[in-house]
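One structure is given here, and the rest of the page talks about it.
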Amino acid sequence: MDFEPSEEQQIFRKTLRDFVRDQIAPVAREWEQAGRYPTEIVEGMKALGLFGLTVPEAYGGLAVDLVSYTIAFEEIARGWMGIAGILGSHSLSCWMLAHYGTEAQRRRWLPDLATGRLRTGIALTEPGAGSDLQAITTRAVRDGDAYVLTGTKMWITNARHADPLPVLCVTDPTATPRYRGLSVLMVEAGTPGFTVGRDLGKLGYKGTESCEVSFEGARVPAANLLGGTEGHGFKQVVSALEIGRLNIAGRSIGVAQAACDAALRYSRERHAFGQPIGEFQAVQLKLADMATQIQAARLLAWWAAARKDRGERTDTETAMAKLFASEVALRATLDSMRIHGGYGYSTEFEVERLYRDAPLMAIGEGTNDILRVLIARALARDA
Ligand SMILES: Cc1cc2nc3c(=O)[nH]c(=O)nc-3n(C[C@H](O)[C@H](O)[C@H](O)COP(=O)(O)OP(=O)(O)OC[C@H]3O[C@@H](n4cnc5c(N)ncnc54)[C@H](O)[C@@H]3O)c2cc1C
């Protein structure tokens with residue numbers, strides 16, 4: 001058992017850290033508040049090959065191990081969590097395509113997705129169904145050599161940049177259990193009847209768009225059915241969500257670490273009653289709890305990632321990592337704000353952005369209560 005990243009993982013982390021220090025941190029606050037799309041940062045991520053994190057080398061990707069993958073999200077989210085969102089659903093869908101796509105589908109899309117020339121996301125959630133994915137109603141009806149797709153998806157991150165966009169849909173409404181009737185269609189941008197509608201207003205997670213997306217009789221070639229066989233969509237997306245949970249765990253750790261770093265810095269600079277506030281035990285206790293919980297979250301995430309790298313079952317482990325790390329991020333950002341006093345509430349300090357970004361991690365890739373249910377079921381199963 002070795003709790004330290006390998007030399008290769010440390011070099012990778014250093015590359016990311018330098019990139020974040022030079023290209024993300026200096027602009028994060030201003031661009032986030034202006035609601036500006038971070039085009040230049042995206043170009044920098046392309047140059048580093050980050051869009052190919054989960055793409056096999058045979059298709060031009062980096063195919064990093066999942067511990068490195070988790071580290072990448074931690075480092076980026078330390079600078080600006082919204083940027084991590086640009087890579088999040090992209091990388092989980094690349095993983096899904098690499099694992100479940102046909103060879104023709106992999107050759108068609110993965111090389112361009114690896115460079116970032118093409119980008120992607122994932123469309124699961126609907127206005128009436130999120131946690132209960134088997135209740136989705138977006139319907140695909142086979143018509144000759146195409147599917148006719150009708151329905152609405154909500155909260156789709158990267159929707160304006162996704163091409164193709166994997167869409168979970170119902171191909172057999174009579175199937176029991178319902179998940180056997182679900183499939184994933186790769187919908188290409190520009191398909192008539194496929195529209196990216198309004199951008200949804202958000203508390204945080206700015207820099208990347210989250211949109212309502214509609215399909216009104218969109219004809220999607222049957223060749224775009226992920227894996228080529230109907231009825232496998234639920235399994236495909238559920239296993240891709242394990243990769244997503246690792247990236248959310250990484251993002252949570254990054255946000256929490258940034259909050260802790262900011263609190264530590266501030267506690268040395270700010271004086272009250274004739275001494276730095278970091279000399280007060282009440283402040284020290286918060287800093288100690290933050291640092292301890294962050295390191296525990298980091299090790300839990302690396303452990304889950306390393307197990308997945310070894311090909312072991314990790315539905316419970318990735319759920320634990322995401323659940324724990326996101327709760328740590330919620331606590332750390334609030335405690336950092338408390339240590340900052342009134343300045344913590346100011347838009348001139350970064351802690352208010354961290355505080356606004358943290359709650360999403362308790363919602364996306366399975367709400368934390370849904371993950372608790374999954375973990376409890378696994379405990380009962382294995383007892
Ligand atoms: C900024 C943002 C970006 C997003 N990006 C994407 C994206 O790119 N693609 C995508 O497909 N989706 C995306 N989502 C959607 C996200 O995945 C869902 O919001 C999430 O899965 C929860 O679904 P819901 O919002 O429908 O909540 P609901 O499922 O309606 O849940 C509401 C509440 O009920 C609780 N609940 C529901 N069922 C149970 C149960 N069985 N036991 C206990 N509690 C339960 C939940 O925990 C929650 O507290 C995004 C959301 C946001 C806010």
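As a basis for the values below, the full set of heavy atoms in this structure was taken, side chains included, without hydrogen atoms, waters or symmetry mates. This is a predicted model, so every value here is computed, not measured.
- Not counting sequence neighbours, the partners of Y355 by the side chain to side chain contact (heavy atoms under 4.5 Å, CB included) test are T333, L334, M337.
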Result block: side-chain N/O donor-acceptor pairs under 3.5 angstrom for residues 278-291, not counting sequence neighbours:
from : atom 1 : to   : atom 2 : distance (Å)
Q284 : NE2    : G278 : O      : 3.1

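- Side-chain contact between V213 and T152 is absent, with no heavy atoms from C-beta onward closer than 4.5 Å.
- Residues forming a side-chain hydrogen bond (donor to acceptor under 3.5 Å, both in side chains) with E103 (at least two apart in sequence, or on another chain): Y59, R106, R107.
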Review item, side-chain donor-acceptor pairs of residues 196-205, under 3.5 Å, at least two apart:
from : atom 1 : to   : atom 2 : distance (Å)
R198 : NH2    : E212 : OE2    : 3.2
D199 : OD1    : R160 : NE     : 2.9
D199 : OD1    : R160 : NH2    : 2.5
K202 : NZ     : Y205 : O      : 2.7
K202 : NZ     : T208 : O      : 2.5
K202 : NZ     : S210 : OG     : 3.1

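- Put simply, the side chain of K308 never gets that close to the backbone of W303: no donor and acceptor are under 3.5 Å apart.
- Taking 4.5 Å as the limit, every side-chain heavy atom of T54 sits out of range of all side-chain heavy atoms of L62.
- With hydrogens and angles ignored, the 3.5 Å screen pairs no side-chain donor or acceptor of T120 with any backbone N or O of D163.
- You'll find the side chain of E216 reaches within 4.5 Å of the side chain of S214, heavy atoms only.
- Residues satisfying the side chain to side chain contact (heavy atoms under 4.5 Å, CB included) criterion with R310, sequence neighbours excluded, are A306, R307, E312.
- F51 has its ring centre less than 6.0 Å from the ring centre of H90.
- For the pair E188/N224, a side-chain contact is recorded, criterion being any heavy-atom separation below 4.5 Å from C-beta on.
- For the pair H271/I277, no side-chain contact is recorded, criterion being any heavy-atom separation below 4.5 Å from C-beta on.
- The aromatic rings of F349 and H340 stand perpendicular to each other, their planes meeting at an angle above 60°, with 30° marking the opposite boundary.
- Contact annotation: the side chain of M96 approaches that of V237 to within less than 4.5 Å [non-hydrogen atoms, C-beta and beyond].
- Side chain of Q236 to main chain of L97: no donor-acceptor pair is present (N/O by atom type, distance under 3.5 Å, no hydrogens or angles).
- Residues satisfying the side-chain hydrogen bond (donor to acceptor under 3.5 Å, both in side chains) criterion with T157, sequence neighbours excluded, are absent altogether.
- Judged as a side-chain hydrogen bond (donor to acceptor under 3.5 Å, both in side chains), and not counting sequence neighbours, the contacts of S326 are N368.
- Residues passing the side chain to side chain contact (heavy atoms under 4.5 Å, CB included) test with A297 are I253, F324, A325, V328, sequence neighbours excluded.
- Between the side chains of Q295 and R298, at least one donor N or O lies within less than 3.5 Å of an accepting N or O.
- Proximity of R78 to V255: side-chain heavy atoms (C-beta onward) are nowhere separated by under 4.5 Å.
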Pairs under 3.5 angstrom only: tabulate donor-acceptor contacts from the side chains of residues 173-187 to other protein residues two or more places apart or in another chain.
from : atom 1 : to   : atom 2 : distance (Å)
T174 : OG1    : D172 : OD1    : 2.6
S183 : OG     : T171 : OG1    : 2.7
S183 : OG     : G231 : N      : 3.0

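- For D22, there are no salt bridge (Lys or Arg N to Asp or Glu O under 4.0 Å) partners two or more places apart in sequence or in a different chain.
- T347 pairs by the side chain to side chain contact (heavy atoms under 4.5 Å, CB included) definition with Q33, E352, not counting sequence neighbours.
- With hydrogens and angles ignored, the 3.5 Å screen pairs a side-chain donor or acceptor of S91 with a backbone N or O of L87.
- Applying the side-chain hydrogen bond (donor to acceptor under 3.5 Å, both in side chains) rule to S6 yields the partners Q9; only residues at least two apart in sequence or on another chain are considered.
- Counting heavy atoms from C-beta outward, I11 and E8 have side chains that stay 4.5 Å or more apart.
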